Amino acid sequence: MAILDVQNLTLSFGENTLFSNVSFDIKEKEKVGLIGCNGAGKTSLFKIITGDYTPDEGACFIASGAKVGYMEQHTCSENRTVYEELISVFQDLIDIELELESISHRLVNGDGDSKSLIEKQDILTYRFNTDGGLTYKSMTRSALVGLGFTEEDFDMPTSKLSGGQRSKLILAKLLLSNADFLLLDEPTNHLDIKAVEWLESFLKDFKGACLIVSHDRYFLDKITTKTVEIENQKCRCYIGNYSEFLVKKAAEQKAIEEKYDNDMKEIARLEGIIAQQRRWNREKNIKTAESKEKAIERIKAQLVVPDSRVERIRFSFSPKCVSGEDVLSVSDLSKSFGNKKIFDSATFNVYKGERVFLLGDNGCGKTTLLKVLMKDYPTDNGYFKLGANVMTGYFDQVQEHLDLGKTALEEVWSAFPSMTETAVRSALAAFLFKGDDVYKKLDECSGGERARVALLKLMLGGFNFLLLDEPTNHLDAFSREELENTLIEYSGTMLIVSHDRYFINKLATRILELTPNGIKEYMGNYDDYAAKKENDSAALTAVIARDKKTNEYKLKKERQSLLRKAKTRYAKCEEEIEAIELEIEDINKSLASVSYEELMELTALLQEKTATRDSLYVEWEELSAKLTELED
């Protein structure tokens with residue numbers, strides 16, 4: 001059964017048609033990726049599904065009773081803590097829990113009709129358990145921790161959250177909203193790799209359906225089983241994840257192009273025959289020409305013209321000179337801001353031609369380390385050294401070095417004044433700045449447009465050592481692939497910070513993991529790194545299990561020894577109690593027939609023996625309890 005049925009949607013803004021005749025469906029529990037270049041209309045399609053936009057033609061239908069969840073429907077209250085804000089998603093369960101507590105209190109106090117209260121208690125208890133009342137608190141904590149909030153953050157007022165933290169909290173509310181169909185628009189934004197992996201695990205277990213817009217191709221590969229592409233105003237559906245889509249699309253486009261070429265050759269051949277037959281101008285020749293014209297009409301009727309290729313960024317990184325073999329040497333580098341230590345004892349080397357990726361949790365200091373290497377920040381301890389003939393180019397993910405008061409043309413031209421205006425405009429055109437776009441002020445540009453200007457400046461610089469901080473941010477999937485293919489061919493050296501696992505997988509020759517206490521090194525790409533981490537984790541688990549088994553054996557032996565000692569003392573204690581009871585009995589018998597002096601002595605002795613007996617009874621009771629505990 002389809003939870004979403006999209007039929008022949010067309011949407012235009014003025015004379016600009018975003019897409020036309022878009023049709024596809026999503027089944028229950030299906031996870032679908034929606035892809036296309038920036039501006040293709042993916043977010044607009046979402047807004048049609050949610051009812052924010054009305055299409056020019058067509059319609060979309062959501063299954064009756066289905067609950068749709070999307071980011072824009074969730075906001076953050078300003079007068080709650082982070083934990084209170086997220087757990088408010090379960091307000092119905094919280095209300096039931098409070099009502100059950102009230103009923104329990106009334107039953108204890110005999111307040112009201114017990115029979116009706118018990119019946120209501122049974123109904124509410126069933127609802128509470130069925131709707132997730134036993135797990136909603138643990139789910140709340142798991143979602144917060146999984147998306148990168150610490151235990152200390154739980155009590156933080158939502159009014160103090162950063163933009164990224166607020167986005168993560170809204171995402172958490174969406175995920176826990178009990179929706180049947182999730183619309184996820186770039187859900188991995190603001191998430192580090194650990195948080196993305198938690199999100200992947202959540203969505204794999206999610207029982208509903210999802211439509212996901214994302215430039216994170218690794219994420220799409222992990223989650224989706226169908227891919228819907230919007231390109232050239234058209235929509236195509238492919239069974240499979242992103243990587244499978246690429247293979248199928250390439251094969252499909254190749255087949256279309258080959259058939260089109262063959263059809264056009266056949267049309268040209270038939271047109272040649274027609275021209276020849278008409279020159280001969282006999283009745284038989286005229287009939288042949290008419291027959292060939294009909295054949296051409298039949299071919300044209302079923303002719304499929306290949307889509308024009310979407311215009312994409314054209315990268316080309318060429319170093320001006322060759323560096324030495326030793327490109328970068330870092331030794332015991334440390335950095336703190338005030339009392340907060342960012343990283344410590346970072347030691348590593350980078351060699352000519354390597355594509356090294358720097359990974360680590362959000363906040364561990366990856367960007368700070370790059371800024372130290374660029375001398376934007378001073379070092380606290382340690383040192384670093386660049387090798388011979390090393391020319392360093394830096395891509396800053398927030399583009400701090402761009403002059404936002406300049407136009408795109410001015411920014412690039414001022415960096416490379418020896419270029420002609422025509423050359424600069426041609427370079428900008430390769431980065432999709434056409435016509436009057438080159439006169440657009442950078443403070444009016446989108447994050448993606450600024451990133452393209454920064455990448456263009458980097459490309460024109462001719463550097464042989466690139467420091468890249470999240471270079472794929474703001475790029476669509478197709479532009480990311482162009483960048484990847486260019487960097488694979490780049491003859492220089494790279495040190496890259498990225499959370500784009502697909503990008504890391506294609507390029508990395510070595511991975512450095514930045515931890516608070518230094519650098520851990522892993523050879524290979526991201527999959528190699530993940531496998532090694534998993535093996536290390538499994539090995540640690542095995543060591544812990546072995547130690548636990550050893551400790552359990554030691555504890556068992558200690559318990560057995562204590563049990564033997566306790567049993568021995570317990571039996572001895574019973575013997576001593578029996579013997580002293582006999583002594584007390586003999587003393588009591590002697591009291592009736594003794595002199596005054598002897599009476600005083602026997603009374604003192606009786607008190608001593610009684611105290612000893614009482615002490616033995618206390619010890620006997622303690623030993624009895626201890627034996628029960630040790631034998632359990």
Side-chain angles (χ1 to χ4, degrees), residues 144-153 156 161-165 167-168 188-200 216 218-219 328-350 355-384 394-398 400 466-473 494-501 503-505 507-508 510-526 528-530 532-534 536-537 540:
L144 288 173
V145 172
L147 290 174
F149 289 95
T150 65
E151 293 281 345
E152 291 76 19
D153 293 334
M156 181 191 296
L161 292 177
S162 66
Q165 288 175 316
S167 294
K168 287 194 285 188
T188 61
N189 281 0
H190 308 293
L191 303 184
D192 60 17
I193 289 177
K194 281 185 179 179
V196 173
E197 288 173 345
W198 177 88
L199 179 59
E200 287 168 354
D216 189 332
Y218 200 97
F219 175 73
L328 174 67
S329 177
V330 176
S331 180
D332 291 323
L333 210 61
S334 300
K335 183 61 185 174
S336 300
F337 290 110
N339 295 325
K340 184 178 180 182
K341 184 171 286 271
I342 306 301
F343 56 81
D344 192 25
S345 304
T347 299
F348 63 94
N349 294 305
V350 178
R355 299 191 293 265
V356 180
F357 279 76
L358 185 64
L359 306 187
D361 296 338
N362 277 354
C364 72
K366 303 182 294 295
T367 294
T368 300
L369 179 55
L370 293 190
K371 287 183 177 293
V372 168
L373 297 178
M374 289 302 299
K375 299 183 179 179
D376 290 343
Y377 292 156
T379 60
D380 292 341
N381 293 298
Y383 70 91
F384 68 90
Y394 175 48
F395 178 84
D396 178 4
Q397 64 170 309
V398 295
E400 287 182 349
L466 300 180
L467 299 181
L468 307 178
D469 191 2
E470 300 290 0
T472 61
N473 277 7
M494 288 173 275
L495 177 60
I496 307 173
V497 170
S498 179
H499 66 270
D500 184 338
R501 294 164 295 170
F503 181 65
I504 302 168
N505 244 7
L507 271 84
R510 184 158 55 103
I511 287 174
L512 304 176
E513 183 180 30
L514 182 59
T515 72
N517 300 312
I519 295 282
K520 292 183 180 179
E521 184 176 339
Y522 300 84
M523 299 305 297
N525 63 10
Y526 182 81
D528 298 325
Y529 161 77
K532 183 65 167 61
K533 292 275 286 185
E534 188 174 344
D536 290 347
S537 178
L540 180 60

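What you see is a predicted model; the values in this text were computed from it and never measured.
When side chains are defined from C-beta on, Lys520 does not count as touching Lys533, because their heavy atoms never get closer than 4.5 Å. A 4.5 Å side-chain heavy-atom check between Leu370 and Thr367 finds every atom pair outside the cut-off. Between Ile504 and Leu359 the shortest side-chain heavy-atom distance falls below 4.5 Å. Counting heavy atoms from C-beta outward, His499 and Asn473 have side chains that approach closer than 4.5 Å. In this structure the side chain of Phe395 never reaches within 4.5 angstrom of the side chain of Leu466, judged on heavy atoms. Side-chain contact between Leu512 and Val356 is present, with heavy atoms from C-beta onward closer than 4.5 Å. In this structure the side chain of Ser498 never reaches within 4.5 angstrom of the side chain of Leu468, judged on heavy atoms.
Checked for salt-bridge contact, Lys532 and Glu513 miss the test: no charged N lies under 4.0 Å from a carboxylate O.
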- CA sep, side-chain torsions, deciding dist, call: Val196, Arg501, side chain to side chain contact (heavy atoms under 4.5 Å, CB included): CA-CA 10 Å; Val196 173; Arg501 294 164 295 170; 3.1 Å; yes
- Message: Working note: Val330 + Ile519, criterion side chain to side chain contact (heavy atoms under 4.5 Å, CB included); need CA distance, chi angles, decisive distance, verdict.
- Response: CA-CA 11 Å; Val330 176; Ile519 295 282; over 6 Å; no
- Query: What do the steps show when you test Leu147 against Trp198 for side chain to side chain contact (heavy atoms under 4.5 Å, CB included), and what is the final call?
  - Reply: CA-CA 7 Å; Leu147 290 174; Trp198 177 88; 3.8 Å; yes
- Message: Applying side chain to side chain contact (heavy atoms under 4.5 Å, CB included) to Ile496 and Phe503, what does each step give before you reach the verdict?
- Response: CA-CA 10 Å; Ile496 307 173; Phe503 181 65; 4.0 Å; yes
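Taking CZ of Phe348 as the reference point, atom CG of Leu328 lies at 5.5 Å (rounded to 0.5 Å). Between Asp192 atom CG and Asp361 atom CG the span is 5.5 Å, to the nearest 0.5 Å. Distance check, rounded to the nearest 0.5 Å: CG of Asp344 to CG of Leu514 gives 10.5 Å. With values rounded to the nearest 0.5 angstrom, Asp216 atom CG is found 6.0 Å from Asp500 atom CG. For the atom pair OH (Tyr522) and CD1 (Ile511), the distance works out to 9.5 Å, reported to the nearest 0.5 Å. Taking CG of Asp528 as the reference point, atom CZ of Arg510 lies at 14.0 Å (rounded to 0.5 Å).
Counting only distance, with no hydrogens or angles, the side chain of Lys366 and the backbone of Val497 share no donor-acceptor pair below 3.5 Å. A donor-acceptor distance shorter than 3.5 angstrom exists from the side chain of Ser334 to the backbone of Ser345, with no hydrogens or angles considered. In this structure, the side chain of Ser336 does not engage the main chain of Asn339 through any donor-acceptor pair within 3.5 Å. Under the 3.5 Å distance criterion, the side-chain polar atoms of Lys335 are matched with a main-chain donor or acceptor of Pro378. With hydrogens and angles disregarded, a donor-acceptor distance shorter than 3.5 Å links the side chain of Ser162 to the backbone of Gln165. Looking at Asp332, its side chain never comes within 3.5 Å of a backbone N or O of Gly382 through a donor-acceptor pair.
Minimum heavy-atom separation, Val145 to Glu151: CG2-OE2, 4.5 Å. The two residues Tyr383 and Leu333 come nearest to each other via the heavy atoms N-CD1, 3.7 Å. Summarising the geometry of Cys364 relative to Phe343, their closest heavy-atom pair is O-CB, 4.0 Å, with the distance given to 0.1 Å.
Proximity of the aromatic rings of Tyr218 and Tyr526 is defined here by a centroid distance below 6.0 angstrom, and this criterion is met.
The neighbour count for Lys371 NZ, taken as heavy atoms of other residues, nucleotides or ligands under 6.0 Å away, is above 12.
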